[in-house]
Amino acid sequence: QEQLVESGGGLVQPGGSLRLSCTGPTSIFSTYTMGWYRQGPGNEREWIVSITPGGSANYAASVQGRFTVSRDNAKNTMYLQMNSLKPQDTAIYYCMSYTEVTRWGQGTQVTVSS
C-alpha cells in the first residue's frame, strides 16, 4: 500500500461507539509517529491524538477519556476507538503521519446523531 487510507466511519447514535482504522506503508508504521485529526462542518481541522511507533499517545482534551488510539505495526494499521460519542464529534476523520512531508488520508465521515 502506497498511501494512508481510513475506514470505519458511519452513523452512530449519541453515546455509541465506532472504531476507525488507518492503513499505510510499512515504512511509516515502522518508524514514525502518527495521528488523527478531524474537521467538523464549518470548523478548522482539529488535532485529536498522536501515537508514537511504540504506542505512547497524547490526546486532545475534547476526546480524552473517550477515545483510545492504538497501532499494530505488524499489520500496518492504526486504530481509533471512539466511545461515548457526542453530536459534536461529527466530522470527517483523517489519519496522518509525522513524516518529513506530512501525509494524510482522504478521510472517513463520522456522524453522531439521533
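Of all non-hydrogen atoms in G24 and L4, the two that sit nearest each other are CA-CD2, 3.9 Å. The two atoms that bring T90 and V112 nearest to each other are OG1-N, 2.9 Å, heavy atoms only. Taking all atoms of both residues into account, the shortest heavy-atom contact from Y94 to E6 is CA-OE2, 3.2 Å. Of all non-hydrogen atoms in S84 and S17, the two that sit nearest each other are N-OG, 4.4 Å. When every heavy atom of Y93 is checked against every heavy atom of L80, the shortest pair comes out as CD2-CD2, 4.1 Å. Shortest non-hydrogen contact noted between V110 and M82 is CG2-CE, 3.8 Å.
To the nearest 0.5 Å, atoms CZ (R38) and CZ (F67) are separated by 5.5 Å. Between K75 atom NZ and F29 atom CZ the span is 12.5 Å, to the nearest 0.5 Å. To the nearest 0.5 angstrom, R103 atom CZ is 4.0 Å from I28 atom CD1. Taking CG of D89 as the start and CG of N83 as the end, the distance is 10.5 Å to the nearest 0.5 Å.
Every side chain to side chain contact (heavy atoms under 4.5 Å, CB included) that R19 has, sequence neighbours left out, goes to Y79, Q81. Annotation: side chain to side chain contact (heavy atoms under 4.5 Å, CB included) contacts of S56 (sequence neighbours excluded): T52.
Looking at Y59, its side chain does come within 3.5 Å of a backbone N or O of V69 through a donor-acceptor pair. Looking only at distances, a side-chain donor or acceptor of W47 sits under 3.5 Å from a matching main-chain atom of V49.
Hydrophobic clustering (ILVMFWY, side-chain heavy atoms < 4.5 Å, transitive): V5 and L18 are in distinct clusters. Residues I92 and W104 share a single hydrophobic cluster, defined by chaining ILVMFWY side chains whose heavy atoms lie under 4.5 Å apart.
Shown here is E46, whose CD atom has more than 12 heavy atoms of other residues, nucleotides or ligands within 6.0 Å.
Using a 4.5 Å heavy-atom threshold, the side chains of L20 and W36 count as touching. Looking at heavy atoms from C-beta onward, C22 lies out of side-chain contact with M96 at the 4.5 angstrom threshold. Side-chain atoms of S113 and L11, non-hydrogen and from C-beta on, do get closer than 4.5 Å to each other.
Here side-chain hydrogen bond (donor to acceptor under 3.5 Å, both in side chains) pairs that include residues 21-35, with residues two or more places apart or in two chains, are Q1-T23, T26-N76.
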